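Working notes for the structure below.
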Amino acid sequence: MEYTLNCNGRLLELSTPQVMGILNVTPDSFYAESRQQTATDIALRTKQILQEGGSIIDVGACSTRPGSEPVTEAEEMERLRFALAIIRREAPEAVVSVDTFRPDVARMVVEEYGVDIINDVSEGADAKMFRMVARLGVPYILMSVQPTIREMLLHFAREVDELRSYGQKDIILDPGFGFGKTLEQNYEVMMQLERLSVIGLPVLAGVSRKSMIYKALACEPGEAMNGTTVLNTIALQKGASILRVHDVREAVECVALVERLKLSE
């Protein structure tokens, strides 16, 4: 998609799909290998994401895995302050996203650490969050928990209109794989992913090592790399502009090969 994100004055082109690397500062994310809690681990993961070709670092400090209990807002902020100080020291020019559903957390990370993107994984439209990100002037990732593409399109259309009414400029759509959907519904959404293009906004696909893969293959998250690559490839072919992943190098290679296929069309 020919779309450009304004990340605090820096332009991020999406004409070639971008890879967002996950950096979790939580003790309970579903994929154990994604947890970085020490200063050394956070610094190493920051460098790894960028060295392997990731263009966005997505920082999460409150697990949203099924069945998890969210930490308090104060704890989430404390974790983020610890991590973002390290990330900004190690990679001051990196495009950083924060994964949160709390408006005051969004305000803190943008105002105190210059975070570039807010990645909202809340389970419903939140006018307070919409007004906050519009005021902050950063790109916003809007996730859907709707179980079908039809319902997703209806909700996205209303939510995008509401965001626009507050003055929000850059919006990325996330179909929310693994959120509010059965195993079968996740695959139905994937098969119809290209239909989201009618809204005219970039789409983020986040399937990395999720239950839609490891449950379907009767394996563990640590064994779901091959399945992740398969679904990332399909998502790219169906128009995804951003891949949110644990395994950055593999996703970057996936993008490169899919782009090469397009050159042969």
Side-chain angles (χ1 to χ4, degrees), residues 3-12 14 18-26 29 46 49 54-64 70-71 73-85 87-88 91 93-145 155-156 159-177 179 199 201-206 240-245:
Y3 196 97
T4 303
L5 300 177
N6 185 342
C7 298
N8 286 316
R10 294 171 295 168
L11 300 182
L12 183 63
L14 300 182
Q18 302 297 306
V19 173
M20 171 187 280
I22 298 167
L23 194 165
N24 284 323
V25 287
T26 56
S29 297
T46 297
I49 289 171
S55 53
I56 307 168
I57 300 171
D58 190 50
V59 187
C62 179
S63 177
T64 54
V71 296
E73 185 171 292
E75 174 68 15
E76 184 181 6
M77 285 185 175
E78 183 179 345
R79 291 175 180 180
L80 285 167
R81 285 189 171 105
F82 177 68
L84 291 169
I87 293 165
R88 285 307 190 201
E93 299 304 314
V95 175
V96 178
S97 166
V98 163
D99 177 343
T100 187
F101 58 87
R102 291 170 165 141
D104 287 336
V105 173
R107 177 191 53 76
M108 182 276 288
V109 298
V110 173
E111 291 182 351
E112 293 185 18
Y113 295 95
V115 161
D116 303 280
I117 301 169
I118 295 299
N119 181 11
D120 184 0
V121 293
S122 57
E123 297 191 2
D126 184 334
K128 186 178 179 184
M129 177 65 96
F130 287 2
R131 288 192 295 268
M132 179 64 76
V133 291
R135 181 175 74 77
L136 293 169
V138 294
Y140 177 62
I141 300 172
L142 174 65
M143 192 189 79
S144 177
V145 297
H155 281 78
F156 272 150
E159 291 165 350
V160 168
D161 280 348
E162 184 177 355
L163 279 159
R164 295 295 194 210
S165 75
Y166 297 128
Q168 179 63 24
K169 295 181 173 61
D170 289 328
I171 303 168
I172 302 104
L173 305 179
D174 177 357
F177 290 108
F179 291 85
I199 299 179
L201 293 170
V203 172
L204 177 149
S241 295
I242 301 173
L243 298 179
R244 180 179 182 274
V245 301

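Since the model is a prediction, treat every value here as computed from it, not as a measurement.
With rounding to the nearest 0.5 angstrom, the CE atom of Met77 is 12.0 Å from the CG atom of Leu84. To the nearest 0.5 angstrom, Leu5 atom CG is 5.5 Å from Ile242 atom CD1. Rounded to the nearest 0.5 angstrom, Ser144 OG and Leu173 CG are separated by 9.0 Å. To the nearest 0.5 Å, atoms CG (Asp58) and CE (Met20) are separated by 4.5 Å. The structure places CG of Asp126 at 12.0 Å from CZ of Arg102, a figure rounded to the nearest 0.5 Å. Here the CG-CD1 distance, from Leu23 to Ile87, works out to 5.0 Å after rounding to the nearest 0.5 Å.
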Worked check of side-chain contact (heavy atoms from CB on, under 4.5 Å) between Leu142 and Phe130: CA-CA 10 Å; Leu142 174 65; Phe130 287 2; 4.0 Å; yes
Asp104/Met132 under side-chain contact (heavy atoms from CB on, under 4.5 Å): CA gap, chis, key distance, verdict: CA-CA 8 Å; Asp104 287 336; Met132 179 64 76; 4.1 Å; yes
Candidate pair Asp99 and Arg244, rule side-chain contact (heavy atoms from CB on, under 4.5 Å), full reasoning: CA-CA 11 Å; Asp99 177 343; Arg244 180 179 182 274; 3.2 Å; yes
Test log, rule side-chain contact (heavy atoms from CB on, under 4.5 Å), inputs Ile171 and Ile199: CA-CA 11 Å; Ile171 303 168; Ile199 299 179; over 6 Å; no
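Shown here are the side chain to side chain donor-acceptor pair (under 3.5 Å) partners of Ser241, two or more places apart in sequence or in another chain: there are none. Residues satisfying the side chain to side chain donor-acceptor pair (under 3.5 Å) criterion with Asn8, sequence neighbours excluded, are Asp116. Evaluation of the salt bridge (charged side-chain N to carboxylate O under 4.0 Å, His left out) rule for Arg131 yields no partner, not counting sequence neighbours. Annotation: salt bridge (charged side-chain N to carboxylate O under 4.0 Å, His left out) contacts of Glu93 (sequence neighbours excluded): none. Every side chain to side chain donor-acceptor pair (under 3.5 Å) that Tyr140 has, sequence neighbours left out, goes to Asp120. Residues passing the side chain to side chain donor-acceptor pair (under 3.5 Å) test with Arg81, sequence neighbours excluded: Glu112.
Paired with Val96 under the rule side chain to side chain contact (heavy atoms under 4.5 Å, CB included), one option of Val59, Thr46, Val109 passes, and it is Val59.
Closest approach of Pro103 to Lys128, counting heavy atoms only: CG-CG, 3.8 Å. Here the closest non-hydrogen pair linking Val121 and Phe101 is C-CB, 4.5 Å. For the pair Val105 and Glu76, the tightest heavy-atom approach, listed with the atom from each and the gap, is CG2-OE1, 3.7 Å. The two residues Leu14 and Gln18 come nearest to each other via the heavy atoms CD2-CG, 3.5 Å. For the residue pair Leu204 and Gly206, the shortest heavy atom distance occurs at CD2-N, 3.9 Å. Residue Ala134 comes nearest to Gly167 through the heavy atom pair CB-C, 4.2 Å, listed as atom of the first residue, atom of the second, then distance.
For Asp170 (side chain) and Asn6 (main-chain N/O), a donor-acceptor pair under 3.5 Å exists by modelled atom type. Listed for the Arg88 side chain is a donor-acceptor partner under 3.5 Å among the backbone atoms of Tyr113. Checking side-chain atoms of Arg164 against main-chain N and O of Lys169 turns up a donor-acceptor pair under 3.5 Å.
Thr100 is not listed as a side-chain neighbour of Cys62, based on a closest heavy-atom distance of 4.5 Å or more.
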